[in-house]
Amino acid sequence: SGLPIICANPDIFVMSAPGVERAVIGYYAKILEEAGHTVHWIGKPFPNFLRVVGNILNDRGISLGKDVCFFDDNVKNVLAMQEVLGISGCVVTDTGLSKYMDLETEFKLKTNRPDYLINSLTV
């Protein structure tokens, strides 16, 4: 019903401080979807996004494997890249979503873990 909606960033909440979540675009897209609008979810960690990343890397002559590494502060995105594309994944722990998460608890809920953890992308 109505104009289709494309949500390229499916994040529903971001942490703005310890224990303080802010609603972001995915939250509002979900409300529209629940109201009967068609929403196309295309961002990380959805398989359609991961296939695009894989195709771009292949087009650039980059073979998918553990010598390619994806960095993100979102554990779900890193694990999805590792699982779907077979590349290495690194969670940046002191920024964005990871900064306010209990990562050990998060990892216990998953069947796999990120290949790498680093605090920051800066020195």
Side-chain angles (χ1 to χ4, degrees):
S1 70
L3 187 64
I5 299 161
I6 298 170
C7 186
N9 183 348
D11 290 345
I12 294 173
F13 293 102
V14 296
M15 299 290 255
S16 58
V20 179
E21 293 181 331
R22 274 190 4 226
V24 292
I25 194 66
Y27 174 84
Y28 301 102
K30 194 166 196 57
I31 289 172
L32 290 170
E33 186 175 54
E34 290 169 357
H37 296 277
T38 300
V39 177
H40 301 276
W41 300 88
I42 63 170
K44 299 176 290 185
F46 292 103
N48 51 18
F49 176 82
L50 303 178
R51 284 192 298 273
V52 169
V53 170
N55 290 339
I56 290 170
L57 293 175
N58 284 327
D59 287 349
R60 294 181 180 178
I62 300 169
S63 299
L64 298 178
K66 288 297 185 179
D67 57 340
V68 174
C69 191
F70 173 75
F71 293 79
D72 200 331
D73 62 12
N74 185 321
V75 174
K76 291 179 187 174
N77 295 339
V78 171
L79 294 177
M81 289 284 188
Q82 286 181 189
E83 292 170 21
V84 174
L85 297 182
I87 62 177
S88 294
C90 180
V91 173
V92 182
T93 61
D94 289 352
T95 63
L97 294 175
S98 293
K99 184 174 183 176
Y100 303 111
M101 289 178 69
D102 177 358
L103 292 176
E104 281 306 311
T105 299
E106 179 72 21
F107 296 149
K108 287 178 187 174
L109 300 175
K110 307 287 183 202
T111 56
N112 63 352
R113 294 177 64 98
D115 294 316
Y116 306 101
L117 297 172
I118 60 171
N119 295 336
S120 171
L121 290 174
T122 61
V123 181

Quiz item: Any side-chain heavy atom of I6 sitting closer than 4.5 Å to one from I42?
Solution: yes

Quiz item: Can you name the side chain to side chain contact (heavy atoms under 4.5 Å, CB included) partners of N58, sequence neighbours left out?
Solution: L64

Practice problem: With sequence neighbours left out, write down each residue that passes ring-ring contact (aromatic ring centres under 6.0 Å, His included) with Y27, or none if nothing qualifies. | Solution: F13

Quiz item: How is the hydrophobic cluster of Y116 composed, in terms of its other members, when Ile, Leu, Val, Met, Phe, Trp and Tyr link through side-chain heavy atoms under 4.5 Å apart, directly or indirectly?
Solution: none

Can you give me every donor-acceptor pair (side chain of residues 43-54, partner residue at least two apart or in another chain, under 3.5 Å) with its distance?
unit_1, atom_1, unit_2, atom_2, d
K44, NZ, D72, OD2, 3.0
N48, ND2, W41, O, 3.2

Practice problem: Rounded to the nearest 0.5 Å, what's the gap from CD1 on I5 to OH on Y28? Could you check? | Solution: 14.5 Å

Quiz prompt | D94: side-chain hydrogen bond (donor to acceptor under 3.5 Å, both in side chains) partners, not counting sequence neighbours | solution = none

Which pairs of donor and acceptor atoms, one on a side chain in residues 79-91, lie under 3.5 Å apart (sequence neighbours left out)?
unit_1, atom_1, unit_2, atom_2, d
Q82, OE1, G89, N, 3.3
Q82, OE1, D115, N, 2.8
Q82, NE2, R113, O, 3.2
E83, OE2, N112, ND2, 3.1
S88, OG, K66, O, 2.6

